[in-house]
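The structure appears below as structure tokens.
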Amino acid sequence: MTRADGAVPRLEVRGLSKTFSGVTVLRDAHLRLAPGEIHALVGQNGSGKSTLIKLISGVHRADPGGEVLVDGTAIGPPVHAGRLHQQGLAFVHQDLGLINDLTVAENVRVGRHAVNAVTRRIDRAADRAAVRQTFAFLGVPIDPDATVGSLDPSERVAVAVARALQERAEGSGVVVFDESSRAIPHEALPAFYAMVRFLAEQGTAVLFVSHDLKEVLALGDRVTALRNGRVVETGVDVAALDEAALTRLVLGRDGAPGDLIGHYPPVSGAPAESVTLSGIGGGRVRDVTATLRPGEVVGVTGTIDSGLLDLPGLLGGARSARGSIRRAGRALDLARCSVAELLDAGVVMIPQDRHGYGLAMDLTVEENVTIPHVGARARPWSLGRAWRRQETDRVLERYDVRPRGRDTVVATMSGGNQQKVLFGKWLLGEPRLLVLEEPTQAVDVGARAALLEATRQAAQHGAAVLYVSSEVEDLAAVCDRLLVLDDGVVARDLTGPFTAESVLGAIFDVPTGGPA
Amino acid sequence: EEQSAAEAGSAAQATSAEAKAAQQVVEEATKAVESFEAPGDAVDGVDQLAGKTVYFVPATYQVPVFQAVASALENALGAADVQVEVCDGKANPANMASCIQQGIDAEAAAIITGSIPTDLASVAFESAQKAGIPVVNTMTAPAGPGDPAQYAYLTPDYVALQSRSASWVIADSDAAANVLYIQVTDTPATTIWAEQGALATYERDCPDCEVTVIKANTGQLDKLPSLVTSELTKNPDIDYVQTEVDFLVQPTIDGLQTANATSVKIASMDGTLAALQQLEGGQLVSSEVGFNADALAWYAADQAVRMMAGQPSNTEVAFPYQRMFTAENIDDLDLTPEAEKTGAWYGSTDYQDGFLELWGLAG
Amino acid sequence: MTTITEHEPDASSDPAPDTASRARRTPPYAQLAQRFSLIGLWVVMGAVFFVLADVPLSNFLQGIFARQTPLVFLGMAVVATMAVGEFDLSFPSVYALSGSTVASLVVLHGWSFPLAALAAIVLAVLFGAVNAVLVVRAGINSVIVTLGVGSVALGLGSWISEETSVSGLDFTLSNIALARVAGLPMIFWYGVVLVVVAAYVMSATPLGRHMLFVGANRDVARLAGIPVTRVRVGAWLTSSLLCGVAGVVTAAGLGGFNATSAREYFLPAFASVFLGTVAVVPGRFNPLGMFIAVYFLITGVFGLQLLGYQGWVTDVFYGGVLVAAVAASAYVQRRLRS
Amino acid sequence: MTTITEHEPDASSDPAPDTASRARRTPPYAQLAQRFSLIGLWVVMGAVFFVLADVPLSNFLQGIFARQTPLVFLGMAVVATMAVGEFDLSFPSVYALSGSTVASLVVLHGWSFPLAALAAIVLAVLFGAVNAVLVVRAGINSVIVTLGVGSVALGLGSWISEETSVSGLDFTLSNIALARVAGLPMIFWYGVVLVVVAAYVMSATPLGRHMLFVGANRDVARLAGIPVTRVRVGAWLTSSLLCGVAGVVTAAGLGGFNATSAREYFLPAFASVFLGTVAVVPGRFNPLGMFIAVYFLITGVFGLQLLGYQGWVTDVFYGGVLVAAVAASAYVQRRLRS
Ligand SMILES: Nc1ncnc2c1ncn2[C@@H]1O[C@H](COP(=O)(O)OP(=O)(O)OP(=O)(O)O)[C@@H](O)[C@H]1O
Ligand SMILES: Nc1ncnc2c1ncn2[C@@H]1O[C@H](COP(=O)(O)OP(=O)(O)OP(=O)(O)O)[C@@H](O)[C@H]1O
Ligand SMILES: O[C@@H]1[C@@H](O)[C@H](O)OC[C@H]1O
Ligand SMILES: [Mg+2]
Ligand SMILES: [Mg+2]
């Protein structure tokens, strides 16, 4: 412990452990948060971050021993989820945990509604006033009567934060974010960071989990790092760290991706093999037209309302679309063709929504990894065993998925490891058009490098890669070209090399009036 | 004294010739059985049957009468050291057939069925015959096909009981009833009881009676209450309801209550404790016909024993332990489950000794 | 939505948006149409039957509303569990157990009615508690638990009633269920009060909001500080309490009870609860919708019976109307939205 | 897992992990214990009853396996729909419709048996198609659809059979169901073949994998190129085909059919299917588990009958054993894991 000041910590964790099925995934975890401190929890995928958070929030029950204290008072284990709010701990669900068809006030006030003492009726006026007050404190003017579904993303974040803060003496308590920034679009992040800093300035302690090391450096005061279920360092002053040092802290080694493009330069495939997207439309996408050469990685980026988030789903068959994809003399009319036809033509999309569209969480790694290839590799009357083992092992190996078991149920894996499985599942085939949607989300800095490398490799094997992301660092690291979307059309088509700054500039400096 | 009570009651109003005739029937039917008369010759060799097993397959154990029959069979056959194995048909022909098959597979000495018309499980019955296992078909029809050496029938006279129940309605209404008859369509047997029993009686004996028929089957009892309501809504003059069997009584009352028709009189068949309690309490149920299940079991055992001992069964046994209950004689009964089991409601219970004697087991 | 589509994970995706979700985002007139389409359909159907049947109006109405049906109670029991995401197959058995118990204790064992009623309700709630322990505490699949617990309850019911239908309750007790107020029996009014209270609780109180969140997403609910376990257990207990009361009231009204008839309420109760999700608060399990659906279905069957149809026709009608009402509602909603 | 825990989203979190998920991470011996615990329990229970009942072994076994039950067929029908995430309440009615149709067409209308059988099966499949259209195409909640369609099927069944049980099929037809092979009737062997084939298809073929993913997550399945709609429609059709065949075979074996008895199979079929998820392929709807569960429950009830218990005891046993088996399985698994 590097901090030795005598003040009572706002939050203190001592000696927490957690064992699943005989495997101890968290051992003797400890950390301290002073009032007003923003504390980052970092570590490799599967290192135990979410588990630690879930012990503090009472989702899981810790192994015997250990202690959780708020302002010096022990609150568990076992921690009672129902009492946490009174005890000063609030958690922002990583998906924000909002119900879209209820109003802002209803979402914020759930669990602490004001009621008329006699009728037990929810006192809507009082709720509204309380919500207004919280928003006033946060400095965001949101109508308490709006339905949450109609809010924009940064407002949604504010609603989730307001739920965590309400009825709290200003400047007290602890707010915990488990990878919340992932649910927040790029443009909303500054507002979110400002909100977090504001909270801390008032004296509230903030604990957050993140794989985004820049975010950690920019937002955090101190860092605790987990590795293999153990705390390797805690209370490290962020001011004393740079990205490389933080990476070493997470990985235990250096882990910069290096010059990926130099290492895997674009190959020049036969122009006949080019992939042409024409007139792609649907959702916020109005008309995306572009030509991609095999062997190149083309980034696609833009603001939240540019249509960026809709594009991958349109191309991958996740949602109904207009337009066509042409390659090698073959045209696929998106309005008509099935997913099977897309796959048949080598069009593969790796979705961002891992739980909804990516993986069947209750099935095993082997089942998830092999499902896209069952049609091609199995015989109608028999699945075959050897190829499934082989392919699954390749994925486990190549992306360093932990645990290594072919028969591990995906739901029991850490978020980052799930992401690796998802990636591997689709890269096994040799896609001709690979559409990636925020592929490095949730993965640690080491895995990020591996995924970016895999992206370049896929291109080298002849795929045209469409890399849809708002992570400027990632885009700069892998893209040969960059398409910037605005209002549903391609507003700029830039050629690399890029830096994070140039990508950022391209996104927010879009000249009005169509493609450059 | 029953006579005078009857006169004080409804019979006093019986003025028409039809009503008087019906009243005769009712009076006859309300009498208890005085003493046992052997249904056939003595049986030899019953003592040789010890250790054998007889299967009893009731249509459904949910209907209490079958439980009564089962335990009475155990007593009756137990007297000859014959074991009784009960297999519940669960109101489902597939189960009934499986049960009969089970008896065949276990090489039972006889199979006694309860309320299972032959054609409901015709294959299984036939298999039993082929396997040479005697079958006693109880509670369906008094007679039918089959070699008496291997196939016997025994039943209360359901057609007569239905008819007597109708006669009570005729007598009580002075031959001017507006009757709602609720018929069970479950099996061909129940249809025959209704048509040849009650409906034929109204047709023949009461030209001024108005009869409306609604049909129900066990699978649709949930719709019966509103069906009754709708009939009474359409035809508020209905003053009698005759239900074919007792399990229709409760849904019927339910429907009557909805229609606010609380002065309608119900006549029904089976003589279950619940219905008799309602009769005693003066709650709509005004007439019940029923039979002594304990006696029925002894009669059935007699048929089985005959065939097991290598003698032909009796054909067309007239089962005497049947009786009608009305406000006039209900007070004579001890309305408890215990009394129900003894069979005392129907008169003398000396049939038990009578059969033991007939089988050469007395003393 | 939520719990409804849990069984239908796909229904909300293209090409077939489900009836339920998204309702709140539809334009107001579409919402109204949706909210009250079932009521409209009901009134029209009732009017047609009334005209065709040619019976006095008061008789017609009584035939529908004076029915001694436990369906509103049982439907409410199902709404209580469904709303928080639990699936209960045991409710008819618990109802049967309660009815058999009260009737048997009084008639066969000479207990006083109030005591017997209390015992019956306590027993019912006990079974609700067993469900809760097994589903919420032990985490066993609720379909299996309630199948099993229901079977035990049914067995106990038969045992208590000595496997027969019991009657002979004091006639005056039937006033509990049948005494008429404004021309309709108490049991109707109990249903009305129950549904109004439940609708109030579910829509206007914190408890209702908690149920909504628990039904929608338990993890979110837990993080929001909602006592998820308590809400779930509460739903099971409430549900069994309602079944218990329904059993007692029915037994009193009929002067007895027949356990085997109880299972007949299984399908109609489910049908009403699900049909009710297309009305009033579209897409959610809601008491008013359930209530309307109960009488909607009763009206249809009764109307047909008045026209002289019985037996299979009513089954076909019942099924057809159920599907048609939901399909029509889905269609209307989709049209209005696009 | 998947479809099972859909109704139990919470069951997978501490303190109450559900029986289903995660099984695959348990150590091999725990897996084995889980896989075969139901079989073990079954053998022990069978042995106990056999010893107590003191009857010849062949009679004992025949009493269990020579039963004329459509449960394996119906259980398989339920497995087919459940496995792909559909919820079907109409299967007993479709079974009833098929049985009534074949019996009535032959007996009441003089059709030849093969023709009548074909008509019955086609009719059943038609109802499966209606379910499929309404659930898969129109996207209506499957609980409502199958409640409605089931009611219509039952109504039609009563209509065709003139609302009574029909009998009088040619005796020789019963050989279809009852001819004995190795001492057991054909209907048993049909079940065996059906289950073996289904188990193979579901566990070892691409189709089985497709079903697995469609049941687990339809969007994931769709994006993997699986023809989700076709798989779902196929499940509905297969399920109704099985019900149709079951009706025909049962009618042939009995020489007739009684439509109202069909609903008796609702709960046992569900119970077997869900109980089957604790065996063989733990956590998944699987044919072998269902098969074992069917005979597990039959053994229990038959054993009790041999000991002279009827009526309520069997209900209590049935329910108790169901819950106990699943609870024990959950407990064993948890113990072995920690
Ligand atoms: N319920 C569970 N059953 C079995 N193993 C589990 C369970 N939950 C977590 N684990 C294991 O515990 C380890 C730690 O997981 P955890 O989710 O805490 O990691 P994490 O640090 O949050 O990783 P990520 O950065 O990928 O989100 C992983 O190996 C994971 O597989
Ligand atoms: N059904 C489940 N069974 C077992 N454990 C589960 C289950 N669902 C979640 N977990 C546990 O929760 C963790 C996943 O939860 P969560 O969704 O918060 O993941 P995460 O690690 O934060 O990753 P991400 O946020 O990227 O999804 C797993 O690490 C696992 O420990
Ligand atoms: O009540 C019995 C009835 O259920 C059965 O169908 O026939 C015989 C009757 O005694
Ligand atoms: Mg995590
Ligand atoms: Mg997370």
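Each chain gets a letter, A, B and so on, in the order the sequences are listed, and its residues count up from 1.
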Looking at chain D, which one of A/P351, A/A378, A/G358 has the largest number of heavy-atom pairs inside 4.5 Å, strictly under?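 Looking at each option in turn, the highest pair count goes to A/G358.
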
Can you tell me which of A/E366, A/K425, A/R385, A/R377 forms the most heavy-atom pairs within a distance under 4.5 Å of chain D?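 Between A/E366, A/K425, A/R385, A/R377, the count favours A/E366.
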
Sort [X] into side chain, backbone, both or neither according to what part of it lies under 4.5 angstrom from a heavy atom of chain D.
| X | value |
| --- | --- |
| A/R379 | backbone |
| A/L359 | backbone |
| A/N368 | both |
| A/R406 | neither |
| A/S382 | both |

Is it the case that atom CZ in A/R404 sees more than 12 heavy atoms from other parts of the structure closer than 6.0 Å?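 Atom CZ in A/R404 is packed in, count exceeds 12.
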
Distance from D/R284 atom CZ to A/D362 atom CG, nearest 0.5 Å?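 Spacing of CZ (D/R284) from CG (A/D362) equals 8.5 Å.
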
Gap separating the CD1 atom of A/I371 from the CG atom of D/L223, nearest 0.5 angstrom: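 It comes to 12.0 Å.
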
Considering only heavy atoms, which portion of D/L207 lies under 4.5 Å from any heavy atom of chain A: side chain, backbone, both, or neither?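 Contact with chain A involves no heavy atom of D/L207 at all.
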
Could you check if a side-chain atom of A/M361 sits within less than 4.5 angstrom of a side-chain atom of D/V220, using non-hydrogen atoms only?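 Heavy-atom side-chain distance check fails, nothing below 4.5 Å.
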
For A/G317, does its backbone N or O pair with a side-chain atom of D/R222 as donor and acceptor, under 3.5 Å?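 The answer is yes, because a donor-acceptor pair under 3.5 Å joins these two groups.
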
With distance as the sole test, does D/N217 use its side chain to make a donor-acceptor pair with the main-chain N or O of A/Y357 at under 3.5 Å?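 Answer holds: no.
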
If every non-hydrogen atom of A/W426 is compared with every non-hydrogen atom of D/A224, which pair is closest and at what distance?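 Smallest interatomic distance, heavy atoms only, reads CH2-CA, 3.9 Å.
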
Looking at D/D219 and A/G356, what are the two nearest heavy atoms and their distance?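 Looking at all heavy atoms of both residues, the closest pair is CB-O, 3.5 Å.
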
Out of D/I226, D/T205, D/V201, which one racks up the most heavy-atom pairs below 4.5 Å with chain A?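 The answer is D/T205.
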
Part of residues 236-244 of chain D lying next to chain A, heavy-atom separation under 4.5 Å: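 Hits under 4.5 Å: none found.
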
